Student: 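What follows is a single structure, and I will ask about it in a moment.
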Amino acid sequence: MTKREFLQTHKPINFKFYQNIDDFIVEEQGIKFSGRGNFIIAKIKKQSLGTWDLIDVLARGLKVYENELGYAGLKDKNATTTQYISIPRKYAKDLQKFRHPKVKILETFLHGTKLNIGDLEGNSFEINLHDVNQEDVGKIEKILKEVSKIGMPNYFGFQRFGYEGSENLEKARRYIYEDLIIKDKKISKMLVAQYQSDFFNRWLVERLKFSETKFKVLSGDVFRVYKTDKYFTPKNLTEVMLKDFEAKKIVPTGLLPGRKAFRAMHKAREIEEKYDDTYIQEKGFRRDAIIYPKDISVKYNKETKKCKLKFTLPKGSYATVLIENIANRNLKV
C-alpha cells in the first residue's frame with residue numbers, strides 16, 4: 001500500500017494510539033429527518049461491531065432481508081460508534097422487542113425514505129492519545145489549528161484496505177484483469193473499491209510534491225462546489241477561483257478511476273492519467289483532495305499523559321489519517 005505523506009514537515013511526535021471502544025468514539029452528524037413517513041430511523045450506539053455486522057445482527061433479529069435496511073455511512077468495528085439505520089415502519093413492533101448486548105437503540109424517528117450512503121454530512125470523533133509528553137501538547141494544538149486552516153490530505157486510511165491490504169489489492173487486480181472469480185458481490189465490490197482507492201492515494205502523494213505549505217491547485221483541476229455539490233473544470237484558473245478556494249467555497253478533487261467519472265484536463269490531467277485506469281468497468285468517482293477538520297478541542301491530563309482530541313470531519317474522511325498527520329508518520333502501511 002502507498003505510504004501517506006503530509007503537507008507539514010514537523011518532526012514525528014511520539015504517542016500511542018489504540019483503536020478500541022474506549023479510545024475511539026464516533027457519532028454521525030448532519031442527518032435531517034422529516035418526522036413522518038414509512039421508515040423508522042433508529043439512532044443506534046454500538047460497540048465492537050462494524051456497520052455490516054450491525055446490519056447482519058438487525059436483519060436476523062428483526063427477521064428481515066438485509067437490503068431492507070439502510071445506512072448513511074460505514075463505521076469501524078474497533079470503536080464505540082453511534083449511527084443511524086433505517087427500517088421499514090412495518091417492523092416497528094419487532095424493533096421494540098429487539099435486544100443485543102453490543103447494541104443500544106437511543107432514539108427513533110420517522111422518515112419518508114430509506115437511508116443511503118452519503119446522507120450524512122460528517123462524523124464527530126473523540127479520540128485518546130496515550131503516553132503524550134506534556135511538551136508535545138502545544139505542538140499538537142498548533143498542528144490541528146494549521147490543518148483546520150490550510151486543509152489535510154484526504155487519504156483513504158489503512159482501514160479501507162483491510163488487514164491484508166497488499167493481498168487484497170492483488171486479489172482486486174486479478175479479479176479486474178484476469179480470471180479470478182468472486183461469487184460474493186459484496187466482497188468483489190469491496191475489493192474494486194480498495195483498488196480504486198489505492199489509485200487515489202498514490203495520486204495524492206504525487207500532487208503533494210507540487211505543494212509547499214498548502215495544497216497547490218493546477219490548471220485543469222476538477223473542482224467541487226461545496227454549496228451545490230456540483231463539479232466543474234475551469235478553462236483557466238482565475239484570481240476569483242483561487243480566492244474561492246482560499247475561502248473554502250470550492251475544493252480540488254482526485255479521481256477514483258472507473259466509468260462515468262469526470263477527468264481532469266491540462267496540467268492536472270498529466271499527473272492524473274498516471275493514476276487512471278479505463279479498464280475498470282465499475283463506476284468511478286471524484287473525491288475531495290483535502291478536507292478541513294472542525295470543532296477541534298484538545299484536553300491533556302498530565303498525570304495519565306492522556307490527550308483527548310475532539311473534532312469533526314466531513315463524510316468519507318478518516319480520523320486515523322488526521323492522527324497520522326499529527327504524528328507525521330503512518331500508523332500502518
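A quick note: this is a predicted structure, and the numbers were derived from the prediction, not measured.
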Student: Look at the side chain of D76 and the backbone N and O of N78, then say whether any donor-acceptor pair between them is shorter than 3.5 Å.
Tutor: no
Student: Before we go on, tell me: are the rings of F232 and F262 under 6.0 Å apart, centre to centre?
Tutor: no
Student: What heavy-atom pair brings L237 and S219 nearest, and what distance separates the two atoms?
Tutor: CD1-N, 3.6 Å
Student: Tell me whether the count of non-hydrogen atoms from other residues, nucleotides or ligands lying under 6.0 Å of NZ in K305 goes above 12.
Tutor: yes
Student: For F125 and L309, run side-chain contact (heavy atoms from CB on, under 4.5 Å): C-alpha distance rounded to whole Å, both residues' side-chain angles, the deciding distance at 0.1 Å, then the answer.
Tutor: CA-CA 8 Å; F125 295 87; L309 308 180; over 6 Å; no
Student: Taking the inter-plane angle between the rings of Y292 and Y226 on a 0 to 90° scale, is it parallel (under 30°), tilted (30 to 60°) or perpendicular (over 60°)?
Tutor: perpendicular
Student: For F285, does the six-membered ring have the charged nitrogen or CZ of R259 within the cation-pi criterion, i.e. under 6.0 angstrom from the centroid and within 45° of the normal?
Tutor: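 Judged by the rule (NZ or CZ under 6.0 Å from the ring centre, within 45° of its axis), R259 is not positioned above F285.
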Student: Counting only heavy atoms from other residues, nucleotides and ligands, does the tally under 6.0 Å from NZ of K186 exceed 12?
Tutor: yes
Student: Where the side chain of E68 meets the backbone of Y65, is there a donor-acceptor pair that is under 3.5 Å apart?
Tutor: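 Checking the backbone N and O of Y65 against the side chain of E68, a donor-acceptor pair under 3.5 Å is found.
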Student: When you measure from the side chain of Q47 to the backbone of P101, do you find a donor-acceptor pair of N or O atoms at a distance under 3.5 Å?
Tutor: no
Student: Taking the side chain as everything from C-beta on, heavy atoms only, tell me whether F17 gets closer than 4.5 Å to F24.
Tutor: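 F17 reaches F24 side chain to side chain.
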Student: Do we see a donor-acceptor contact under 3.5 Å between the side chains of K11 and N328?
Tutor: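 Side chains of K11 and N328: no pair found under 3.5 Å.
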Student: Could you check whether any side-chain heavy atom of W203 comes within less than 4.5 Å of a side-chain heavy atom of E272, counting everything from C-beta outward?
Tutor: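 W203 vs E272: side chains touch.
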Student: Within a strict 4.5 Å, meaning less than it, do heavy atoms of the F223 and T233 side chains meet?
Tutor: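 The answer is no; the side chains never approach within 4.5 Å.
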Student: Is there a ring-ring contact (aromatic ring centres under 6.0 Å, His included) between H130 and Y18? Walk through the geometry before answering.
Tutor: CA-CA 8 Å; H130 295 270; Y18 307 104; 5.4 Å; yes
Student: Please round to the nearest 0.5 Å and tell me the distance separating atom CD1 of I323 and atom CD1 of I13.
Tutor: 11.0 Å
Student: Compute the ring centroids of Y155 and F6, then answer whether they are less than 6.0 Å apart.
Tutor: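 Yes, they do, as the ring centres are separated by less than 6.0 Å.
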Student: Dump the intermediate steps for side-chain contact (heavy atoms from CB on, under 4.5 Å) on E27 and T81, then the final yes or no.
Tutor: CA-CA 6 Å; E27 182 170 344; T81 60; over 6 Å; no
Student: In sequence, state the C-alpha distance, the side-chain angles, and the governing distance for R269 and R263, and then conclude on side-chain contact (heavy atoms from CB on, under 4.5 Å).
Tutor: CA-CA 7 Å; R269 182 59 185 165; R263 261 65 179 186; 3.3 Å; yes
Student: Do the side chains of Q8 and N325 get nearer than 4.5 Å, heavy atoms only?
Tutor: yes
Student: Heavy-atom distance under 4.5 Å between the side chains of K75 and V26, does that happen here?
Tutor: yes
Student: Can any side-chain N or O of R224 pair as donor or acceptor with the backbone N or O of I250 at less than 3.5 Å?
Tutor: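 No; judged by distance alone, with no hydrogens or angles, the pair does not exist.
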Student: Determine whether L120 and I40 fall in the same hydrophobic cluster, where Ile, Leu, Val, Met, Phe, Trp and Tyr are linked whenever their side-chain heavy atoms lie under 4.5 Å apart.
Tutor: no
Student: Is any side-chain heavy atom of V137 closer than 4.5 Å to one of V298?
Tutor: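 V298 vs V137: side chains touch.
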Student: Verify salt bridge (charged side-chain N to carboxylate O under 4.0 Å, His left out) between K310 and D295, making sure each step is shown before the conclusion.
Tutor: CA-CA 7 Å; K310 291 184 180 181; D295 309 319; over 6 Å; no
Student: Salt bridge or not between E126 and K308? Use side-chain N to carboxylate O under 4.0 Å.
Tutor: yes
Student: Flag the pair F33 / H111 as yes when their ring centroid distance falls below 6.0 Å, and as no otherwise.
Tutor: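 Yes - the distance between ring centres of F33 and H111 falls below the 6.0 Å cut-off.
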Student: Side chains of C307 and N128: closer than 4.5 Å at any heavy-atom pair?
Tutor: no
Student: Taking all non-hydrogen atoms of both residues into account, name the closest pair between S148 and P293 and its distance.
Tutor: CB-O, 3.4 Å
Student: What about Y175 and I187, same hydrophobic cluster or not, with Ile/Leu/Val/Met/Phe/Trp/Tyr joined at side-chain heavy-atom distances under 4.5 Å?
Tutor: yes
Student: Find the distance between CD1 (I87) and CG (N38) and round it off to the nearest 0.5 Å.
Tutor: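 Nearest 0.5 Å value for the CD1-CG distance: 14.0 Å.
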Student: Assess whether a salt bridge exists between K315 and E121, defined as any Lys/Arg side-chain N lying under 4.0 Å from an Asp/Glu carboxylate O.
Tutor: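 A salt bridge is absent here (no side-chain N lies under 4.0 Å from a carboxylate O).
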Student: For the side chain of T312 and the backbone of S124, is there at least one donor-acceptor N/O pair under 3.5 Å apart?
Tutor: no
Student: Report, as yes or no, whether the 6.0 Å neighbourhood of atom CE on M190 holds more than 12 heavy atoms from other residues, nucleotides or ligands.
Tutor: yes
Student: If only atom types and distance count, is the side chain of Y195 paired as donor or acceptor with the main-chain N or O of I280 below 3.5 Å?
Tutor: no
Student: Assert yes or no for the condition that the ring centre distance of F156 to F200 is strictly below 6.0 Å.
Tutor: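 Between F200 and F156, which both carry aromatic rings, the centre distance is below 6.0 Å.
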Student: Can a salt bridge be assigned to the pair E246 and K243 using a cut-off of 4.0 Å between side-chain N and carboxylate O?
Tutor: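 Salt bridge between E246 and K243, a charged N being under 4.0 Å from a carboxylate O: no.
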Student: Which pair of heavy atoms, one from S34 and one from G112, lies closest together, and at what distance?
Tutor: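 Residues S34 and G112, closest heavy atoms: OG-N, 3.3 Å.
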Student: side-chain contact (heavy atoms from CB on, under 4.5 Å) for F311 and I296? Distances and angles first, verdict last.
Tutor: CA-CA 4 Å; F311 53 88; I296 294 170; 4.0 Å; yes
Student: Are L255 and I271 connected in a single hydrophobic cluster, I mean Ile/Leu/Val/Met/Phe/Trp/Tyr linked by side-chain heavy atoms less than 4.5 Å apart?
Tutor: no
Student: For F39, does its backbone N or O pair with a side-chain atom of S86 as donor and acceptor, under 3.5 Å?
Tutor: no
Student: Taking all non-hydrogen atoms of both residues into account, name the closest pair between L204 and P153 and its distance.
Tutor: CD2-CB, 3.9 Å
Student: Does S197 reach the main-chain N or O of A193 with its side chain, forming a donor-acceptor pair under 3.5 Å?
Tutor: yes
Student: Tell me the closest heavy-atom pair linking I117 and G73, and the distance in Å.
Tutor: CD1-CA, 3.9 Å
Student: Less than 4.5 Å apart, any side-chain heavy atom of I41 and any of L115?
Tutor: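 Yes, at least one pair of side-chain atoms sits under 4.5 Å.
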Student: Do you know which two heavy atoms are closest between T320 and L331, and how far apart they sit?
Tutor: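 Minimum heavy-atom separation between T320 and L331: O-CD1, 3.9 Å.
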